[in-house]
S.K.: 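Attaching a single structure in structure tokens format; questions to follow.
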There are 12 protein chains.
Amino acid sequence: MHYGEDRVYKTIEVIGVSGKGIEDAVQTALAKAHKTLERVSWFEVKEIHGHVGDDGLVSEYQVILKVSFQLK
Amino acid sequence: MHYGEDRVYKTIEVIGVSGKGIEDAVQTALAKAHKTLERVSWFEVKEIHGHVGDDGLVSEYQVILKVSFQLK
Amino acid sequence: MHYGEDRVYKTIEVIGVSGKGIEDAVQTALAKAHKTLERVSWFEVKEIHGHVGDDGLVSEYQVILKVSFQLK
Amino acid sequence: MHYGEDRVYKTIEVIGVSGKGIEDAVQTALAKAHKTLERVSWFEVKEIHGHVGDDGLVSEYQVILKVSFQLK
Amino acid sequence: MHYGEDRVYKTIEVIGVSGKGIEDAVQTALAKAHKTLERVSWFEVKEIHGHVGDDGLVSEYQVILKVSFQLK
Amino acid sequence: MHYGEDRVYKTIEVIGVSGKGIEDAVQTALAKAHKTLERVSWFEVKEIHGHVGDDGLVSEYQVILKVSFQLK
Amino acid sequence: MHYGEDRVYKTIEVIGVSGKGIEDAVQTALAKAHKTLERVSWFEVKEIHGHVGDDGLVSEYQVILKVSFQLK
Amino acid sequence: MHYGEDRVYKTIEVIGVSGKGIEDAVQTALAKAHKTLERVSWFEVKEIHGHVGDDGLVSEYQVILKVSFQLK
Amino acid sequence: MHYGEDRVYKTIEVIGVSGKGIEDAVQTALAKAHKTLERVSWFEVKEIHGHVGDDGLVSEYQVILKVSFQLK
Amino acid sequence: MHYGEDRVYKTIEVIGVSGKGIEDAVQTALAKAHKTLERVSWFEVKEIHGHVGDDGLVSEYQVILKVSFQLK
Amino acid sequence: MHYGEDRVYKTIEVIGVSGKGIEDAVQTALAKAHKTLERVSWFEVKEIHGHVGDDGLVSEYQVILKVSFQLK
Amino acid sequence: MHYGEDRVYKTIEVIGVSGKGIEDAVQTALAKAHKTLERVSWFEVKEIHGHVGDDGLVSEYQVILKVSFQLK
């Protein structure tokens, strides 16, 4: 890739869920995107949500991501 | 589904149009998404627009939705 | 198309990159979308970014667009 | 109207109030705009407020709209 | 109440859920607030979400409201 | 006015400028609106800007207001 | 209080109304919160609204505040 | 005009449409405003939209502007 | 709980503080809410702030959360 | 300065703190900027925060400003 | 530069003014930043404003940019 | 420092990059700011971005921070 040459990227929104933590939820979503999309280049964390169990502990993090990849 | 297990959802944006009302425009968009996507789980109304006829009456509602479904 | 009849549109987010300028970056993204999607109807410019070369000149514009088309 | 020809629209903000419901408040505002402005083309619902009576029931909906019409 | 005299209001956020529609979800939330808070004066709809059933139909609307009442 | 009866309000945006302070700038804008519009009911302060003189002191406040009045 | 030790704060939204001015409306809301909540620590002004009398003068300021206090 | 003297401006929202480009759409809207309003002072580009023709090319730009002018 | 049945939730805003990290600050806030509120269901991270010690290291994270629970 | 000639401004963010009031906090910040920057031209109030003393009175206002000045 | 290695960037806000057009205003701001800062890497257009001359034509564009560069 | 005494703070925007995680990226940015600015007091995380490697794993986190320090 050279700066200045014509390129097009697409951005999609995915939600990664993990019981382990915020960064694990990010990686869960990216692993899925990696399998179905040719080549993910970068992401942005848009929102961080979560569910609380009956014991008052975080049972899972739900991280909303924007994920971008080049259209070839 | 159990809270805490790894899952990934995708969110897309659709616009439902209906001459009958806001809730009908929501349902029109969801029916379309239901046919093409495996299983829509939830939605959010992002914007409500509309067109006005020559008689000054609402001729249609255009409702922008975010629609989410699980990637299996 | 008649106002008032049920229709559904989908909106996706793409990023057009061009070394020539903002409007050229918009057109680059739309040309790509036109090839892969049946019929793009309208777009909205959401963000305008760019890269700067070692000479302090804009080397490229990166324009984030929302692009909408009808689901048939 | 042909796409590509020069045109100018104006957008104003009005608030429609109705005791009957959200869509009725939209129509109340548009009917008023229709009488005083030549030709309203489209609208957007920006906010939905309301008042609550002593019995705990919604006594009225107050819907804030952006309304657009062509300047001829 | 006279304009200009010192008063204080409190605003809380509630979510009304209903299988019947948006306005019914608003009323469900206000009825609950009416029972526990002395006197609700006005509200604002902040977000409209919903759940979709296995049949692709809206199974419920979830409406996020800001509700205000005077502190006496 | 009774809650529940159909009414329509219009909201316009004005900027009041005053060398004396924020509240004086608000009042300057409202006095002007009062002369040209039948009956202003309420306002909202949207932004507060200002100019700084050569001595480093605020030379004026520029307050952007939304002003609403009933359409009769 | 020492930085680094576990603490929890709660933030509530109140609206102070005063015929005298913006800062008086802030203080009116805080005085009320001070009586009912153990110890208010800080606040943020979120919105400034007001009502206009028949003479075109500001009859009162309505200031929306976020107010925070420690949960002990 | 001297800084510090009382003045009032009004801001309106217009949409300029042009098949030639973004800056031409801005100028189209300003030319119209110039004819009907005494003296436009400044503007802000709020949104940039557009329509796409059957050939996948931008058929027109629709630029939403805020335009301000002094009330004398 | 069945989708479609009437329910009401309340959302409050709390700030969890921890010297250990972002997720620990979230859990600190939730533990407190769990003790005083019957049953917290979900949360959203709204803002992440922090304090820096004299050594230039993060001395604590302050995480602003929205926390929701059902009103029974 | 003539409109149309090339110029560049820089905008920085400062927080003015004062025990006397909002406008005094603005002036405190501008006086500081005036001493260290060549020539401040205009400002915008972005946020208004404050601290509350043990007596429930505002002990200080903290006003976040954007301040702009020309780069020569 | 290798992805994954520790780096720090700084982002500043500048306003470029030009009588020629939007892209010329961007370049005017970047040229100035290039002279005073070691190496500008990328930018984002945040707002586009302008001034209108007595003839109703755009006399200049004022483009607000965020500009980022690496701290070495 | 005593509440109520005049003070001025400055807020700047920095981006910390780390291959280890979100909190490490925060600390990387703060360490840099600590070396060049007299005394950083607090920060806010504004955005969390990242880059994805060819293996689909997060190669680095890029955290945008606002960092504040007192002007003496």
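Reminder, nothing fancy here: chain letters follow the sequence lines and each chain counts from 1. Reckoned from all heavy atoms, side chains included, excluding hydrogens, waters and symmetry mates.
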S.K.: Less than 4.5 Å to any heavy atom of chain J: does that hold for the side chain of F:Asp55, its backbone, both, or neither?
M.R.: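 Backbone of F:Asp55 only, per the 4.5 Å heavy-atom cut-off to chain J.
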S.K.: Just so I know, are the side chains of J:Phe43 and F:Val52 near enough to count as touching, which here means a heavy-atom distance under 4.5 Å?
M.R.: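 Touching, per the 4.5 Å side-chain cut-off.
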S.K.: Applying a criterion of heavy atom separation less than 4.5 Å, what residues of residues 22-30 of chain F form contacts with chain J?
M.R.: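 From residues 22-30 of chain F, the residues near chain J are F:Ile22, F:Glu23.
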S.K.: Just give me the residue among F:Gly56, F:Gly53, F:Gly50 that pairs up with chain J most often, heavy atom to heavy atom, under 4.5 Å.
M.R.: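 Option with the greatest count: F:Gly50.
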S.K.: If you look at every heavy atom in F:Asp54 and J:His34, which pair is closest and at what distance?
M.R.: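 Smallest interatomic distance, heavy atoms only, reads O-CE1, 3.1 Å.
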S.K.: Would you give the length of the straight line joining atom CD of J:Glu44 to atom CD of F:Gln62, rounded to the nearest 0.5 angstrom?
M.R.: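 Spacing of CD (J:Glu44) from CD (F:Gln62) equals 10.0 Å.
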